[in-house]
Number of protein chains: 2
Amino acid sequence: MAETTETGLPRAVAIAWGMQEVPQRGPNRGLSHERIVAAAIEIADAEGLAAVTMQAVAKSLGFTTMSLYRYVSGKDELLRLMQDAAVAVPEKVSLPGDWREALRVWAGLVRDAFHAHPWVLGIPRGQVSVLMPNSVRVADLGLAALRDLPLADEEKIGVILTVSQYVTSTVELELNLADEGVVAVTPEGLDLLSQVVTPDRYPHLAPVLLAGNYLETQPVATGADEGIDAGYEFGLELIISGLDRRVHGQSARGVGDGA
Amino acid sequence: MAETTETGLPRAVAIAWGMQEVPQRGPNRGLSHERIVAAAIEIADAEGLAAVTMQAVAKSLGFTTMSLYRYVSGKDELLRLMQDAAVAVPEKVSLPGDWREALRVWAGLVRDAFHAHPWVLGIPRGQVSVLMPNSVRVADLGLAALRDLPLADEEKIGVILTVSQYVTSTVELELNLADEGVVAVTPEGLDLLSQVVTPDRYPHLAPVLLAGNYLETQPVATGADEGIDAGYEFGLELIISGLDRRVHGQSARGVGDGA
DNA sequence: ACCTGAACACCGTTCAAGT
DNA sequence: ACCTGAACACCGTTCAAGT
C-alpha cells in the first residue's frame with residue numbers, strides 16, 4: 001500500500017537513498033530533505049517525539065510550515081526518514097572473529113542506537129522499511145557477524161531479525177519501566193494489589209509478587225542499570241546458546257559430529 | 001511518573017482491577033469504565049486505532065465527548081485500559097506437561113491475542129503496566145509453563161519476558177510487512193536499488209539482495225503465511241533450545257567444560 | 001452526581017497566491 | 001521553482017452551566 005514513485009520504490013526509500021531529485025532551479029532558499037530530517041531529529045532528541053510537529057520543525061529552520069510539504073509528502077514520510085537516520089551505526093566497525101562475540105557486539109550496536117534516540121521506539125509501526133539505508137547497513141553487518149556460520153541465507157536473516165527484534169523490545173521495556181516507574185507502586189499499593197492477585201487465582205505469580213521478586217525483577221527500582229543489563233544479556237545469551245546448539249547439529253534431530 | 005491515586009497504585013491499574021469506585025448516586029445514565037473501553041475496542045477492531053478519538057467513542061455510546069472525562073482521566077488512560085483488555089487469554093487453558101511444549105503453547109496464546117487485536121501494537125509505548133489484570137494473568141500462565149524448571153523466580157520471569165517480547169516484535173514485523181507490502185518494490189525498483197546497494201559497500205547483504213533471498217525472506221510476497229510462521233518458529237525454537245541447554249548446564253560461553 | 005454546550009489551543013493538510 | 005498566507009477540518013481538553 002505504500003505509495004510507490006515512478007522509480008518503483010516507496011518514496012521514503014527513494015528519498016533516503018538520495019534518488020528523489022529535488023527539481024531545482026528557482027529561488028531555493030536552502031531547504032532540503034537532509035536539513036528537514038536533521039531539524040526534526042534535533043527536536044525529538046531534545047523534547048521528545050510529541051514535540052515534533054510540522055510547525056515546530058519548520059519554525060526551527062526559519063520557514064513556514066507549508067514549505068516542508070515540497071520536500072516531504074506528509075508527516076508519515078518525515079517520521080520514516082527520521083527513523084532510518086536515527087538508527088545509524090558507526091562508519092567503521094570491526095567485528096570479532098568468533099561469531100558469538102560478533103553477534104554480541106552487533107546487538108550492542110543496535111542497542112546503542114536506540115539508547116541514543118529512544119524516541120524511535122515511539123514512531124507508529126507499520127512504517128519501517130527494511131530497504132532504508134541504515135537498515136540495509138545494519139543487516140549487512142549482521143550477516144558479516146554470521147559470516148562463518150554454516151547456515152543458509154534465509155536462516156541467517158532469520159537470526160538477525162530475531163536478535164534485532166529482541167534488542168528492540170528489551171530497550172522498549174526498559175524505557176517503559178523508566179518512565180512508568182515501578183516506584184509508582186507504594187507499599188500500600190502492593191498491599192491492595194495482593195488482595196486481588198491471590199494465590200488461588202494466580203497460583204504461580206502471587207507468591208512471586210508477594211516475595212517482591214516480580215517487581216524487583218523489573219529493574220529501575222534500584223536506579224542501577226545492573227538489573228536491566230542482566231536481563232538483556234540473559235535473553236541474548238539464550239538466543240546465542242540456542243543458535244550454537246543448532247549449528248552444532250544437536251537440536252531435536254539428533255546428536256551430531258564431534259567437531 | 002505515572003499518576004498515582006490515593007490507593008498507592010497507578011490510576012489505570014486501580015480502574016482495571018475494579019478498585020476505582022465511581023462515586024454513584026445521581027442521574028447515572030449508564031456510562032461506565034467497562035462500556036467505554038468496550039466501545040473503544042470495537043472501534044479499534046473495526047477501523048483501526050486512529051479512528052479511536054474521544055469524540056468517536058462518546059458518539060458510539062450516545063454521549064457527548066466530555067462525559068468520558070468523568071470516568072477516564074484522558075486519552076492516555078483509555079489507551080492503557082484498552083491495551084490490557086485486548087490481550088485477554090482464554091479463561092480455561094491447559095498447558096502440556098513438557099515445559100518446551102508448554103512454552104510454545106503459551107507463546108501461541110500471546111500471539112493469538114495480538115492477531116485478534118493488532119492495533120494494540122500501535123499504542124504509544126511507555127504505557128504498559130505489568131500490573132494490569134491481563135498482564136498478570138499472562139505472566140501467571142508463563143510461570144506455570146516453567147513450573148518444573150530448576151530456575152530461580154527471577155530467571156523464569158526473564159524467560160517469559162524474553163519470549164513475550166520476541167512474540168510481540170514478530171507480530172509487529174509481520175504486520176509492518178503486511179501493510180507496507182514488499183510488493184511495493186517492483187522489479188525496476190529492485191534494479192535501481194541494486195545500483196546503490198553494491199557489493200563493495202554491502203559485501204554481505206548485496207549478494208543476498210540480488211539473489212532475491214532478502215526480500216523473499218520477508219514474507220507476504222507469496223501471500224502465504226508459511227514464511228511468516230516459519231520465521232516465528234525459527235526464533236522461538238532458538239530461545240527454547242538455548243533455555244534447554246542452559247537448564248542442562250552447558251551455556252554457550254563455557255562450551256569447553258563438557259556436560 | 002452526572003452530563004452538556006460552548007470554547008480554546010493545537011494539529012496536519014489544502015489551495016491559491018506571491019516572487 | 002520555491003515559499004507564503006489564509007483557511008479548513010479535526011483533535012484533546014477546560015470550564016462553567018444545567019438537571
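Residue numbering restarts at 1 for every chain, and letters A, B, ... go by the order of the sequence lines.
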**Q** Give me the ring orientation class for Tyr232(B) and Tyr166(B): parallel if the planes are under 30° apart, tilted from 30 to 60°, perpendicular past 60°.
**A**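 Ring orientation, 0 to 90° scale: parallel.
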**Q** Once you round it to whole Å, what is the distance between P of dC2(C) and CG of Leu68(B)?
**A**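 After rounding, the reported distance stands at 14 Å.
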**Q** Let me have the donor-acceptor pairs involving side chains of residues 40-47 of chain B, under 3.5 Å, with sequence neighbours excluded, atom names and distances please.
**A**
from: Asp45(B); atom 1: OD1; to: His117(B); atom 2: ND1; distance (Å): 2.7
from: Asp45(B); atom 1: OD1; to: Trp119(B); atom 2: NE1; distance (Å): 2.6
from: Asp45(B); atom 1: OD2; to: His117(B); atom 2: ND1; distance (Å): 3.3

**Q** Rounding to an integer number of Å, can you tell me how far Leu31(B) CG sits from dT4(C) C1'?
**A**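 It is 13 Å, rounded to the nearest whole Å.
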**Q** With Watson-Crick and G-U wobble geometry limited to distances under 3.5 Å, how should the secondary structure of DNA chain D be encoded in dot-bracket form, using | for bases paired to another strand and [ ] for crossing pairs?
**A** ||.|||||...|||||.||
**Q** Given atom CZ of Phe63(B) and atom C1' of dT19(D), what is their separation to the nearest angstrom?
**A**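 Result: 15 Å.
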**Q** With sequence neighbours left out, write down each residue that passes side-chain hydrogen bond (donor to acceptor under 3.5 Å, both in side chains) with Thr162(B), or none if nothing qualifies.
**A**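 Expected list: none.
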**Q** Where do N or O atoms of nucleotides 12-14 of chain D meet protein N or O atoms at under 3.5 Å, pair by pair?
**A**
from: dG12(D); atom 1: OP1; to: Lys75(B); atom 2: NZ; distance (Å): 2.8
from: dG12(D); atom 1: OP2; to: Met54(B); atom 2: N; distance (Å): 3.0
from: dG12(D); atom 1: OP2; to: Gln55(B); atom 2: NE2; distance (Å): 2.7
from: dT13(D); atom 1: OP2; to: Tyr69(B); atom 2: OH; distance (Å): 2.9
from: dT13(D); atom 1: OP2; to: Lys75(B); atom 2: N; distance (Å): 2.9
from: dT13(D); atom 1: O5'; to: Tyr69(B); atom 2: OH; distance (Å): 3.4

**Q** Going by the rule salt bridge (charged side-chain N to carboxylate O under 4.0 Å, His left out), which residues pair with Arg111(A) if we only count those two or more places apart in sequence or in a different chain?
**A**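 Salt bridge (charged side-chain N to carboxylate O under 4.0 Å, His left out) list for Arg111(A), sorted by chain: Glu174(A), Asp229(A).
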**Q** Quick one: list whatever passes side chain to side chain contact (heavy atoms under 4.5 Å, CB included) with Val138(B), sequence neighbours left out.
**A**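 Applying side chain to side chain contact (heavy atoms under 4.5 Å, CB included) to Val138(B) gives Val89(B), Trp106(B), Val110(B).
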**Q** Please state whether the phosphate of dC3(C), meaning OP1 or OP2, lies under 4.0 angstrom from any side-chain nitrogen or oxygen of Ser67(B).
**A**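 So the side chain of Ser67(B) is outside the cut-off, no N or O lying under 4.0 Å from OP1 or OP2 of dC3(C).
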**Q** Which side chain to side chain donor-acceptor pair (under 3.5 Å) pairs, counting each pair once, include a residue from residues 53-65 of chain B, with sequence neighbours left out?
**A**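 Listed once each, the pairs would be none.
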**Q** If the condition is side chain to side chain contact (heavy atoms under 4.5 Å, CB included), which residues does Pro187(A) pass it with, not counting sequence neighbours?
**A**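 If we apply the side chain to side chain contact (heavy atoms under 4.5 Å, CB included) test to Pro187(A), skipping adjacent residues, there are no hits.
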**Q** List for me each residue that meets side chain to side chain contact (heavy atoms under 4.5 Å, CB included) alongside Ala16(B), sequence neighbours excluded, and say none if there are none.
**A**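 If we apply the side chain to side chain contact (heavy atoms under 4.5 Å, CB included) test to Ala16(B), skipping adjacent residues, the hits are Leu81(B), Met132(B), Pro133(B).
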